[in-house]
Every structure is written in C-alpha cells, then in structure tokens.
Amino acid sequence: MNPSSLAVELARALLERFLVAHAHRKRLAGGSAFGPTSEEVAVALRGPLGDAPADLGAADARVTAAIAALDAALASSPSSPLARLRRVFWLEPIDVAIVSILLAPELDHDLERAFAFAIDDFTRKRIDVGFLARLLGGPDDAAIDHHGSRFAGHDRVLMRLDEGAPLRRHAVVALAAITEQTPGSMRSIRLADRIVAFLRGHDTVDELVRGSVRVTREPAMLGAVVMAPELVTQIRRALGGVVGAAPRVLLAGPDGTGRAMVVEALLAERDVGAVRIDLGTIASEDRIGERFAAAIREAALRDAAAILEGGASFKDDVPRALAQAIADAAGGLGVPLVFALSTRPSWLAHLVPDLLELDVPAPSFRERLELWRRALPPPVAEAADLETVAARYAFTGATIVRVARRAEAGAKLRDPHAPKVSLDDLGDAARLTFSHRLGGMAQRIPTGFKWDDLVLPQETLDSVREVVRFARYRPILLEDWGFAAKLPYGRGVSAILAGPPGTGKTMVAQLLANELGFDLYRIDLSQVVNKYIGETEKNLARIFEEAESSHAVLFFDEADSLFAKRTEVRSSNDRYANLEVNYLLQRMETYDGVTLLATNLEQGIDEAFKRRVRFSVMFELPGERERRALWRSMFPAKTPLAAQIDWDMLARQFVMAGGYIKKAALRAALMAAEGNRAITTADLLEAARLEYREMGRII
C-alpha cells in the first residue's frame with residue numbers, strides 16, 4: 001500500500017483504540033460512564049459485520065502495527081508525497097501521526113462519520129485540538145513515538161501544535177481562531193487545503209500566492225547563461241550538496257544579471273527544480289507571514305530550491321512579519337534557499353547565520369556584447385552597431401533582451417520581410433526603456449544637435465571630441481586594457497564647461513547627450529539646494545541614483561551657485577555648506593554616468609572639483625571667423641535670404657557670442673516676415689544693434 005493509504009489505516013487504528021478505551025471504561029462503570037459499547041464501536045468503524053478489537057491490548061497492537069507499516073512505506077517510497085512532506089518540513093513521528101489523522105477523513109469519508117460518532121456530535125465536520133490530543137494520548141493518557149512505545153502524551157501533542165512548531169510554522173495545519181466561546185483546546189483543526197491537494201497528487205500553486213510564485217518548468221541550459229566562468233563555479237560550489245542538504249545563499253547584484261537563471265540551470269544539472277518567489281508582492285499586502293509560509297511551502301512540496309527575489313525593495317529594512325517568516329524558513333526548512341537581492345542587507349545575515357554571500361556584478365562590456373549578439377544575430381543587426389550600444393549602455397541581460405525585441409519590432413514596421421535593425425532603432429528603443437523619477441528637480445532637454453551645428457575654435461572642438469571618445473572607449477580602457485584596477489572610483493564621464501554666456505555650453509551638452517544616446521536633464525538648482533540641514537544631500541543622492549538607473553546625462557547649468565569654492569568655517573552655516581560640497585564630490589566620484597558642470601566663470605569652481613572632474617572644456621568668445629560662420633549657420637535652408645548679405649561686415653562689427661547671434665538672427669527674421677519679404681543686410685544690422693543695446697554696448 002502507498003503511504004497515504006497507510007496513513008488512513010493508522011488514523012483508523014488510533015480511532016479504534018480511542019473508542020475501545022471508552023467502551024472498556026463504560027463496562028467497568030457498569031454502563032453508566034459515557035462512551036460507546038463494543039457493538040457500537042464495530043458499527044462505527046467497520047459496519048455491522050466489522051471486526052473491531054474486543055480489548056485494549058488488541059487495539060494497541062493494531063496501532064503499533066499501523067505505525068510500523070507506515071514507517072516502512074515512507075522509507076521505501078522517499079519520493080511519495082507524505083515522505084517528502086516529512087523530509088522537507090523536518091517532521092517528527094508524532095507530526096506524521098497528526099497529519100495522518102487529519103488526512104484520513106479527506107480520503108475516506110466514512111471515517112468522517114466515525115470521527116463525528118467519537119466526539120458525539122454529528123454536526124461537526126472537523127475535530128478539535130483537545131480531541132486530537134486525547135486520540136494520540138492513548139488509553140492511559142500516553143502518546144506514541146516512532147516505535148509505538150508510550151510517553152506523556154497530551155502536552156506533547158499540544159506542543160507539536162504550537163505556533164513555532166513545524167506544522168504551524170510552515171502552514172501544514174490550520175487552526176480556528178481562539179474566541180471567548182471557543183477556547184484553545186476546542187479549536188477545530190484541519191490540514192491546509194494546499195497540503196490536502198498535494199497529498200492527493202495535485203500539482204497546483206496555492207491561490208493565496210498565485211501572483212507571487214512562479215514554478216520553473218523548463219530551466220535554461222547553462223550554456224545560455226552569460227556570466228564569468230569563475231563566478232559560475234563559485235555559485236555551483238555554494239549550491240553544493242543540494243540533494244539532502246539545505247544551503248542558504250545570497251546572490252547580491254543588479255536585477256537582470258541572470259542570478260536566478262544561473263541557479264535554475266545549475267540545479268537542473270542535478271535534477272532539482274526551482275520556485276521563484278517575489279518578496280516585493282508578498283510584503284505589499286496583508287497577512288505577510290501567512291503568504292510567505294504558503295510561498296515557501298510551494299518550494300518544499302516540490303522538493304525544489306526557493307529563489308527569493310527582492311530587487312532593491314529590501315535594501316535597508318524588511319517588514320517584521322517577513323523577517324520572522326524568513327528566519328523560520330531558514331531555521332526549520334529542508335530545502336535550499338537562494339536570495340537574489342540588489343545588495344548585502346545586514347538584516348539578512350542576522351536572520352540567516354549560515355548564509356553564503358556572493359556578489360553578481362553587472363555584465364562587463366564583453367559580456368554585454370555577447371548578450372547583444374545573441375539577442376540580435378546577423379544579419380538582423382550590424383556587428384559595429386552592437387558594439388556601439390554595448391559600450392554605450394550598461395544594461396543587464398534582461399534589459400538587453402527587452403530593448404532588442406523593441407528595436408526589432410520597429411525595424412519590422414519598415415520592412416516586415418527582411419527587418420534590419422539600425423543604430424537609431426537601438427538608441428530609440430533604449431531611451432524608451434529608461435525610467436526616471438527626477439521630478440521637479442530636473443528638466444529634460446531635447447538633444448538634436450550634430451557636429452556640423454557646432455561653430456567653435458578648434459581647440460575647444462578638440463576638447464569636446466575627447467570627451468566623446470572617452471565615453472565611447474571607456475569600456476575597452478577599463479575592462480579590456482585593465483585600467484579599472486588603476487581607477488577604483490571616478491570611472492564616470494565628467495566635464496566642466498566653462499565660459500561666458502552664449503558661447504555654446506548648453507549646445508555642447510545637447511550634442512554630447514545625442515552622441516552618447518542618452519537623455520539630457522538639466523538640474524534645477526533652486527529645487528536641489530535646501531536651507532534645512534541634510535536636505536540638499538538627500539536631493540543630490542536622489543538625483544544621482546535615478547540618473548544611474550536611467551542612463552541620463554546630468555547637466556548642472558550655472559553651477560557656480562552650488563559648486564563655489566569652499567569657505568573657511570566661521571559659522572555653523574559655513575560648516576554645513578562645506579558638507580554639501582564634500583558630499584557632492586563623493587557622489588561624483590562614485591557616479592558611473594555622465595556629469596556636465598556649466599559655469600560662466602571657471603575661476604569660481606573649487607579646485608577640488610577641477611582635480612576630480614576628468615575634463616575641462618574652455619569656451620571663449622568666438623573670433624571673427626567663427627562669428628561669420630555662426631551668422632550663416634543660424635538660418636535654416638527654407639529661410640528666404642536676400643541675394644547679397646554682408647556676412648563679413650556683421651562678423652567684424654558685432655563682437656557677440658553665438659547665443660546673442662541666434663537672438664539677433666531671429667529678430668531679423670521677424671522683421672522680414674512682417675514685411676513679407678526676404679531677410680536683408682539692413683534687417684540683420686538693425687537686429688544686431690538692438691541686441692548690442694540689450695547687452696549694454698553701444699555702436
């Protein structure tokens with residue numbers, strides 16, 4: 001017989017012993033004591049022609065035999081549901097007996113009537129805790145152990161139904177709530193619905209956690225994982241001894257790096273499954289402890305590893321109910337637990353003393369390139385374009401797949417039969433993937449300028465090109481050429497753009513963002529700087545964290561107000577102002593993105609910033625040759641211009657920066673549009689004079 005059938009027989013034997021004991025007491029009391037007669041016991045258990053035992057000795061022998069038969073079946077069928085239940089929840093023999101009693105009426109409805117007969121109440125469908133204790137306590141208030149011998153029973157049974165014991169802790173059994181009308185010993189008790197379904201052989205996820213649990217049906221092969229081989233080896237060793245052991249492992253790193261994927265692949269090599277549990281959704285609703293127990297129970301019932309995913313939600317803290325549930329699972333559950341979190345939270349090491357911790361970094365440039373090649377193999381995309389986006393965007397594997405699918409969908413709109421993904425498709429798809437919550441502290445600026453739009457002195461132009469070259473080849477320099485070892489921090493792209501107003505600093509910021517394929521966000525310093533102590537640092541921290549995740553170029557325009565030279569500490573205000581500057585220096589050094597600082601007066605920037613910012617691009621007022629080019633570049637091709645425009649005279653006579661030339665060009669266009677004619681030299685001269693006057697100059 002299978003273990004479940006033998007569990008029913010054990011329950012029947014225990015019930016027989018209970019009823020026979022009462023019949024025996026009734027006879028000793030001359031029929032006055034409560035309890036059924038021997039004939040009534042036979043009818044209740046076996047029917048009119050049954051063979052219920054006539055004395056306690058025979059009933060006790062049946063219990064002992066039923067225990068031995070069940071033990072033998074569990075040992076010979078270790079993969080059976082009941083044997084697995086015993087193993088993964090570390091159940092003791094008395095726990096197995098409790099489960100058997102509660103399972104019996106679920107499998108044999110005749111026993112449900114017999115239980116009702118035993119408690120002398122046919123209106124009740126569930127037995128209570130007190131009756132269960134008496135049933136296992138034996139005829140002389142002694143309970144059974146693994147070998148059928150006796151020891152103090154009632155208290156032992158009640159102790160195994162305590163909240164901290166496995167049956168309650170892992171939600172194997174469910175008890176009714178205690179009320180004034182229903183004291184503890186009269187609470188009804190039953191097997192959890194999910195446990196009943198499991199013991200019946202039904203493979204389904206508990207409805208309570210259906211949105212929080214995902215069972216891995218077909219794990220990826222290890223060859224599909226793009227990860228450093230030495231790291232894969234370390235993870236394999238950490239998971240070593242999965243069968244028959246219960247490792248506790250933390251894989252700390254960004255979401256989408258393949259932490260769960262590599263675990264599933266390594267477990268599949270040993271024919272061990274995995275259940276992925278989203279801690280975020282479990283903690284977002286009520287009944288956290290109950291929901292977590294139900295989720296972890298899904299892994300236990302499948303003899304699988306539980307992969308607990310939390311992202312950045314539990315970086316610093318965790319709800320108390322969830323912390324307790326995690327500690328209970330780690331301390332009393334015979335399945336592997338793998339935590340996939342973004343950091344190494346201190347609270348987890350406290351809850352799980354035997355935790356093995358491994359860092360899973362974001363993919364390197366070469367790993368990203370391989371991920372792109374797998375997502376968009378030739379001829380769908382050019383190899384050079386994939387190398388560009390791999391260097392440009394520090395995406396994880398999951399994000400690369402999403403961006404690739406989005407870019408391919410865009411290419412199919414152009415040519416459904418032979419889609420060809422371009423660099424622009426990849427850039428657009430990447431930008432749509434970015435997410436930011438910079439809110440009112442930043443303003444997105446369009447990035448449409450090209451190199452041909454720039455009119456700058458050659459030295460300034462060379463400096464701008466150097467910034468772009470460093471951003472493009474940074475992965476090769478840091479990873480392939482080993483400069484990362486020489487630069488433990490400060491690996492980002494940072495530049496000071498210093499020069500008078502209107503010399504093209506904002507335009508260059510737009511061009512840089514466009515060349516790098518990132519969005520440009522101008523930081524509103526009035527929203528960042530706060531008079532309250534510590535608030536400025538909080539705002540700066542939020543800006544840098546959000547920019548990191550969204551690949552945004554941070555553009556601090558008119559940065560003098562925030563990045564001014566640190567002052568001597570003459571008052572508490574000076575001390576806190578310096579703290580803000582120091583904090584900003586630290587964040588800029590650890591920030592891995594692009595930071596641009598624009599200032600009208602380069603001398604106003606603290607020397608510490610100049611030293612720690614990688615590039616300084618100096619913008620000077622344009623010379624006559626540059627001014628001539630600026631005047632001509634301000635008018636689109638559709639603009640009607642007179643045949644003869646004296647560009648040389650305009651450039652020679654008006655010494656203005658590009659920003660003022662742009663304003664003058666628009667003024668001249670307005671004059672001509674009002675007269676419905678082409679723009680003339682006279683219009684340009686008048687517009688330039690007006691602009692000069694507003695600049696405080698006279699000509």
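- At least one donor-acceptor pair under 3.5 Å links the side chain of Arg200 to the backbone N or O of Glu106.
- Smallest separation of non-hydrogen atoms from Leu70 and Ala7: CD1-N, 4.0 Å.
- A donor-acceptor pair under 3.5 Å is formed between the side chain of Glu479 and the backbone N or O of Phe365.
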Audit row: Val263, Leu251, side-chain contact (heavy atoms from CB on, under 4.5 Å) steps and yes/no | CA-CA 10 Å; Val263 170; Leu251 301 181; 3.5 Å; yes

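- Within a 6.0 Å sphere centred on CE of Met159, heavy atoms belonging to other residues, nucleotides or ligands number more than 12.
- Formation of a donor-acceptor pair under 3.5 Å by the Arg126 side chain with backbone atoms of Arg187 is not found in this model.
- The backbone N or O of Ser494 sits nowhere less than 3.5 Å from a side-chain atom of Thr595 that would complete a donor-acceptor pair.
- Taken from CG in Leu250 to CG in Leu337, the straight-line distance is 12.0 Å, to the nearest 0.5 Å.
- Judged by distance alone, the side chain of Arg259 and the main-chain N or O of Glu309 form no donor-acceptor pair under 3.5 Å.
- Side-chain contact between Leu386 and Leu426: present, with at least one pair of heavy atoms (C-beta onward) separated by less than 4.5 Å.
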Are Ile277 and Ile307 close enough, and set up right, to give a side-chain contact (heavy atoms from CB on, under 4.5 Å), and what steps lead you there?
-> CA-CA 6 Å; Ile277 300 172; Ile307 302 176; over 6 Å; no

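- When the shell of 6.0 Å around CG of Asp203 is examined, it contains more than 12 heavy atoms from other residues, nucleotides or ligands.
- Among Arg194, Arg297, Arg291, the single residue meeting the side-chain hydrogen bond (donor to acceptor under 3.5 Å, both in side chains) criterion with Asp206 is Arg297.
- Here salt bridge (Lys or Arg N to Asp or Glu O under 4.0 Å) pairs that include residues 347-357, with residues two or more places apart or in two chains, are Arg344-Glu357.
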Derivation of the side-chain contact (heavy atoms from CB on, under 4.5 Å) call for Phe89 and Asp95 | CA-CA 10 Å; Phe89 291 127; Asp95 300 322; over 6 Å; no

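- Note on Arg302 versus Glu298: salt bridge recorded, some NZ/NE/NH1/NH2 to OD/OE distance being below 4.0 Å.
- The two atoms that bring Ala404 and Leu376 nearest to each other are CB-CG, 3.7 Å, heavy atoms only.
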Worked verdict on Val389 versus Val403 for side-chain contact (heavy atoms from CB on, under 4.5 Å) | CA-CA 11 Å; Val389 295; Val403 173; over 6 Å; no

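- Side-chain polar atoms of Arg84 and Ser79 form no donor-acceptor pair below 3.5 angstrom.
- A donor-acceptor pair is defined here as one N or O able to donate and one able to accept, closer than 3.5 Å; no such pair exists between the side chain of Arg276 and the backbone of Leu308.
- Side chain of Arg444 to main chain of Tyr521: no donor-acceptor pair is present (N/O by atom type, distance under 3.5 Å, no hydrogens or angles).
- Side-chain contact between Leu175 and Val129 is present, with at least one heavy-atom pair separated by less than 4.5 Å.
- Checked for salt-bridge contact, Arg405 and Glu408 meet the test: a charged N lies under 4.0 Å from a carboxylate O.
- By the 30° and 60° cut-offs, the orientation of the rings of Phe395 relative to Trp372 is tilted.
- Thr257 places no side-chain N or O within 3.5 Å of a backbone atom of Gly253 that could act as its donor or acceptor partner.
- Side-chain contact between Val493 and Arg474 is present, with at least one heavy-atom pair separated by less than 4.5 Å.
- A donor-acceptor distance shorter than 3.5 angstrom exists from the side chain of Glu367 to the backbone of Ser364, with no hydrogens or angles considered.
- Between the side chain of Arg86 and the backbone N or O of Leu91, no donor-acceptor pair lies under 3.5 Å.
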